[in-house]
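Take a look at the structure set out below.
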Amino acid sequence: MSVPPSGPTPPGYDPTGAAPPPSPPDPAAPGAPSDPVAAWRPGPPAEDPAPPDPAPTASAPGWNPYASRTEWADGRVGEGGGTPPAWQRRVRIRRRRWPVLLGVSATCVLLILAGVVVVGLLWIRSAAPGAAGDDINHGPLRQSNYHDWHFRLDDVKLDATKTGGRDLRSCGPVERARSLTAQGCRSGIELDYRTAGDRIRLEQFVLVFDTAAHAKKAGRDLTGDQLRLRRSTLHPHVEGTMVQQSTKQYLVVTVGTAADRADDHRRDTFVHYANADMAAAMIWRD
């Protein structure tokens, strides 16, 4: 048992020996605890307030994206059921189709022109009594099937009169030293023409070989020394020109002479076209 002290009782003295009563906090000390008995410790920092729950997304279960929308009679959907906006026509982007149409039209025109040219050439060959003559019917190769020569191609117009011809049962009468027979020549025909007032004379051979390869090789290696020409059908003692071309098993050779050197250019023109025309006619045989 404690004995109270003598004299005045000090403030806060408890005769029972218990802890003194709490004293009021010192207002000068910021953040001081209100209870001086308990030891003060700083508390944890205040956390930021939790953010509000996010709005539901399309993937959230049970969420209806059209809960607050209104579907109108034309099939559109509006937000909140308000008045629908003015309807606008969907803009269509027009692609330019004229380049494609132009290309197709040009192709069709070219095909039509090509067909007209082919038909025209066939009609000329069949209508005009040219080099083909009646031989277009694939009859036997005879000189009597060929008549006066009339040629038309664009601005080129050539005519020659047939003055003679002969059938060749072998190539011997028109060759030297069996140069053509040794290469497969078997038969043929010979045709004679005159034009430009007899200033230009032509001698033409159509020789038949056993194979197309032999005809092509013979035409590639042919020289004037291998042929036996009849000078009576050509202008004597003048220099002539020769052109040859093979078509299938046929070898077409055309020789021309001019009475005057002034007609050499015209002679070459006749020789060139006459040979090409006969070689083309051989395409339709056999």
Side-chain angles (χ1 to χ4, degrees), residues 114-115 117-154 156 158 160 162 164-193 202-230 233 240-256 268-286:
V117 171
V118 173
V119 173
L121 291 177
L122 294 178
W123 180 83
I124 291 174
R125 301 287 315 167
S126 60
D134 298 333
D135 200 47
I136 195 67
N137 297 323
H138 298 186
L141 187 62
R142 297 288 185 266
Q143 65 85 20
S144 59
N145 292 336
Y146 298 88
H147 314 288
D148 295 345
W149 182 58
H150 304 284
F151 181 79
R152 304 289 185 273
L153 181 62
D154 295 336
V156 179
L158 302 175
K162 181 184 177 183
R166 58 177 174 169
D167 297 326
L168 304 173
R169 298 183 179 274
S170 68
C171 297
V174 296
E175 66 179 347
R176 294 181 183 275
R178 296 178 56 84
S179 58
L180 297 176
T181 301
Q183 300 185 69
C185 186
R186 296 294 179 259
S187 61
I189 60 174
E190 176 189 352
L191 304 172
D192 305 323
Y193 296 96
L202 305 175
E203 187 173 3
Q204 189 172 72
F205 306 97
V206 181
L207 305 177
V208 184
F209 284 73
D210 53 356
T211 64
H214 289 166
K216 184 176 182 179
K217 183 178 183 303
R220 186 171 56 248
D221 301 335
L222 184 66
T223 61
D225 298 336
Q226 296 176 329
L227 294 177
R228 189 188 301 273
L229 304 176
R230 292 191 298 170
T233 62
T241 182
M242 181 181 72
V243 176
Q244 66 270 10
Q245 181 177 347
S246 63
T247 301
K248 299 193 294 187
Q249 72 270 31
Y250 302 99
L251 175 61
V252 180
V253 183
T254 305
V255 180
D268 294 345
T269 301
F270 271 90
V271 170
H272 170 78
Y273 282 105
N275 193 86
D277 189 40
M278 180 61 79
M282 293 299 104
I283 298 176
W284 305 101
R285 288 187 55 83
D286 301 334

(message) Assess the residue pair I189 and R142 against the criterion (side chain to side chain contact (heavy atoms under 4.5 Å, CB included)); give the C-alpha distance rounded to whole Å, side-chain angles, the decisive distance to 0.1 Å, and a yes or no.
(response) CA-CA 6 Å; I189 60 174; R142 297 288 185 266; 5.5 Å; no
(request) Taking side chain to side chain donor-acceptor pair (under 3.5 Å) as the test, write out the residues that go with Q226, two or more places apart. (result) none
(request) For the pair R176 and D225, evaluate side chain to side chain contact (heavy atoms under 4.5 Å, CB included) and give the outcome as yes or no after the intermediate values. (result) CA-CA 7 Å; R176 294 181 183 275; D225 298 336; 5.6 Å; no
(request) Start with the C-alpha distance between V174 and L168, add both sets of side-chain angles, then the distance that settles side chain to side chain contact (heavy atoms under 4.5 Å, CB included), and finish with yes or no. (result) CA-CA 9 Å; V174 296; L168 304 173; 3.8 Å; yes
(message) Quick check: do R166 and L191 have side-chain heavy atoms less than 4.5 Å from each other?
(response) no
(message) Could you report the tightest heavy-atom contact between Q183 and S179, atom names first, then the distance?
(response) NE2-O, 2.9 Å
(request) With side chain to side chain contact (heavy atoms under 4.5 Å, CB included) as the test, would you mind laying out the steps for F270 and W149 before giving the verdict? (result) CA-CA 11 Å; F270 271 90; W149 182 58; 3.8 Å; yes
(message) Measuring from atom NZ of K162 to atom CD of Q143, what distance do you get when rounded to the nearest 0.5 angstrom?
(response) 4.0 Å
(request) May I ask you to test the K248-I283 pair for a side-chain heavy-atom distance under 4.5 Å? (result) no
Report all side-chain donor-acceptor pairs from residues 206-220 shorter than 3.5 Å, counting only partners two or more places apart or in another chain.
unit_1 : atom_1 : unit_2 : atom_2 : d
D210   : OD1    : H214   : ND1    : 2.7
D210   : OD2    : H214   : ND1    : 3.3
T211   : OG1    : H214   : N      : 3.2
T211   : OG1    : H214   : ND1    : 3.2
K217   : NZ     : D221   : OD2    : 3.1

(request) Give the minimum heavy-atom separation between R152 and L158, together with the two atoms involved. (result) NH1-O, 3.4 Å
(request) Could you walk me through whether Q244 and T254 pass side chain to side chain donor-acceptor pair (under 3.5 Å), step by step? (result) CA-CA 6 Å; Q244 66 270 10; T254 305; over 6 Å; no
(message) Under the rule for side chain to side chain donor-acceptor pair (under 3.5 Å), what residues qualify as partners of R230, not counting sequence neighbours?
(response) E190, D192
(message) If I take atom OG1 from residue T241 and atom CG from residue D268, how far apart are they, to the nearest 0.5 angstrom?
(response) 4.5 Å
(request) State the CG-CZ distance between L180 and R228, to the nearest 0.5 angstrom. (result) 11.0 Å
(request) Could you list the residues that satisfy ring pair (Phe, Tyr, Trp, His ring centres under 6.0 Å) with F205, not counting sequence neighbours? (result) none
(message) On a heavy-atom basis, which atom in R186 and which in C171 lie closest, and how many Å separate them?
(response) N-SG, 3.6 Å
(request) Applying side chain to side chain donor-acceptor pair (under 3.5 Å), name anything that partners S170, two or more places apart in sequence or on another chain. (result) none
(request) Search all heavy atoms of R285 against all heavy atoms of L141 and return the closest pair with its distance. (result) NH2-N, 3.6 Å
(message) Is any side-chain heavy atom of V255 closer than 4.5 Å to one of L202?
(response) no
(message) Given 3.5 Å as the limit, does a donor-acceptor pair link the side chain of Q204 with the main chain of A274, or not?
(response) yes
(message) Can you list everything that forms a side chain to side chain donor-acceptor pair (under 3.5 Å) with T233? Sequence neighbours excluded, please.
(response) E203
